[in-house]
There are 2 protein chains.
Amino acid sequence: MDVGARLQNIRKLKGLSQRELAKRAGVTNSTISMIEKNSVSPSISSLKKVLGGIPMSLVEFFSIDVEQDSDTQVVYKADELIDISDGAVSMRLIGKAHPDRAIAFLAETYPPGADTGTDMLVHEGEEAGMLIEGRLELTVNGQTYVLETGDSYYFESSKPHRFRNPFERPARLISATTPANF
Amino acid sequence: MDVGARLQNIRKLKGLSQRELAKRAGVTNSTISMIEKNSVSPSISSLKKVLGGIPMSLVEFFSIDVEQDSDTQVVYKADELIDISDGAVSMRLIGKAHPDRAIAFLAETYPPGADTGTDMLVHEGEEAGMLIEGRLELTVNGQTYVLETGDSYYFESSKPHRFRNPFERPARLISATTPANF
DNA sequence: ACAGAGTGTTCAGGATTTACAACAAGCCGT
DNA sequence: ACGGCTTGTTGTAAATCCTGAACACTCTGT
């Protein structure tokens, strides 16, 4: 996480000098210089002030990244899926786990009693899924639902959520999450 | 942009006390307190250290929506899915079709002879899917594959692609595409 | 009621960051 | 070569942030 290089790249992309950006942002040029050289770690408020001169939000600033992947495999046999299981819940990722993929497409199996945990999951993005076998309990934003086979769900991942299988049969779920965060 | 309230919400969602989070993050509890009360604007390095104790990235931190509005439907019965069929291929969208959703999660049925068309599909994003019934032919980048039940796929949508069912049984597919373009 | 362990807040002092100003180096037109 | 402009990089003093140690409060078990 190189804040300095990141800022310098963006500034030059915008064709601004340190002084020009400083003037627009309402800070001094030395501040910009020291931030770019990583000789200081700016406070949120001052970094926000600096980005205001571009203009750019903090989210944008931290999410700037350009990567290239050379993933060529397209079709995966059932036994080729990558196992990223966490505890009792079996999760098999479809496609290679390169870090900057946008979709996490998973085949999940919840044996009886399986649970994603008492502290709710919270992250950015959206997720959707369909239950193809068994029954499964889903809690979103304090609301608890029971999914029957064939039912599906869709919600924003920023809402606290949790999956649990309190039933006697295993549940099989196909789900997609974006962005892929694991 | 209330950094303090944001941190407090996330911390409480994770069920952590100020001291507990401070310990995990390697800072003092007073730091957490003052950040949450907005009596200081933390430096990037210390905020990053604090988030490391959750753990959570800066991007997530600034992009998480901590609102608790929840009048949106989460669970959909099998017959509630929105039909967006195109030609012979039946496509049922999971979740309401609001314009700015990130994921298109679909339950698709390809009857024998069904085809997405001779001119290849090309668009932004990524897509993945799993075949849960029947057999299906998939062509990506000139390469043609035959998916058996249980097989799955994952590729970038910018590569020309096409789905076709030349077999005698209908094929059922669950797929996800991002961004949602339909 | 009390001790003990938990919670979040506050304050002085040391550490870090910022502003202001001076500095050296590069470029252009005369 | 020489100003006159720009660029980015330092010092030093002032402002801000972080730590460590208190403080007041709630809860639980004795």
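Sequence lines set the chain letters: A, B, ... in the order given, protein chains first and strands last, and positions in each chain run from 1.
Looking at B:Phe167 and B:Val146, their side chains come closer than 4.5 Å, going by heavy atoms from C-beta outward. For the pair A:Met34/A:Ser39, a side-chain contact is recorded, criterion being any heavy-atom separation below 4.5 Å from C-beta on. The shortest distance between side-chain heavy atoms of A:Leu51 and A:Ile10 does not fall below 4.5 Å.
Checked against side chain to side chain donor-acceptor pair (under 3.5 Å), B:Gln18 has the following partners two or more places apart in sequence or in another chain: B:Glu36. For the side chain to side chain contact (heavy atoms under 4.5 Å, CB included) test, no residue two or more places apart in sequence or in another chain qualifies with B:Lys23. Partners of A:Arg24 according to the salt bridge (charged side-chain N to carboxylate O under 4.0 Å, His left out) rule, which considers only residues two or more places apart in sequence or in another chain, are A:Glu20. Taking A:Ala22 as the reference, A:Val27, A:Asn29, A:Ile32 meet the side chain to side chain contact (heavy atoms under 4.5 Å, CB included) condition, with sequence neighbours excluded. Applying the side chain to side chain donor-acceptor pair (under 3.5 Å) test to B:Ser45 and every residue at least two apart in sequence or in another chain returns A:Ser41, B:Ser43. By the salt bridge (charged side-chain N to carboxylate O under 4.0 Å, His left out) test, B:Glu108 is found to be paired with no residue, residues two or more places apart in sequence or in another chain being considered.
Protein chain A contacts DNA chain D over a range whose 5' and 3' limits, counting nucleotides with an atom under 4.0 angstrom from a non-hydrogen atom, are D:dT7 to D:dT10. Nucleotides of DNA chain C that come within less than 4.0 Å of any heavy atom of chain A span, from the 5' end to the 3' end, C:dT17 to C:dA22.
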Donor-acceptor contacts, no H, no angles, side chain residues 130-138 of chain A, under 3.5 Å, sequence neighbours left out:
| from | atom 1 | to | atom 2 | distance (Å) |
| --- | --- | --- | --- | --- |
| A:Glu133 | OE1 | A:Arg172 | NE | 3.0 |
| A:Arg135 | NH1 | A:Glu148 | OE2 | 3.4 |
| A:Glu137 | OE1 | A:Arg164 | NH2 | 3.1 |
| A:Glu137 | OE2 | A:Arg164 | NE | 3.0 |
| A:Glu137 | OE2 | A:Arg164 | NH2 | 3.4 |

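Residue B:Ser43 is classed as a sugar-phosphate contact, given heavy-atom separations below 4.0 Å to backbone atoms only.
For the segment residues 17-30 of chain A, residues with any heavy atom less than 4.0 angstrom from an atom of DNA chain C are, sorted by number, A:Arg19, A:Val27, A:Thr28, A:Ser30.
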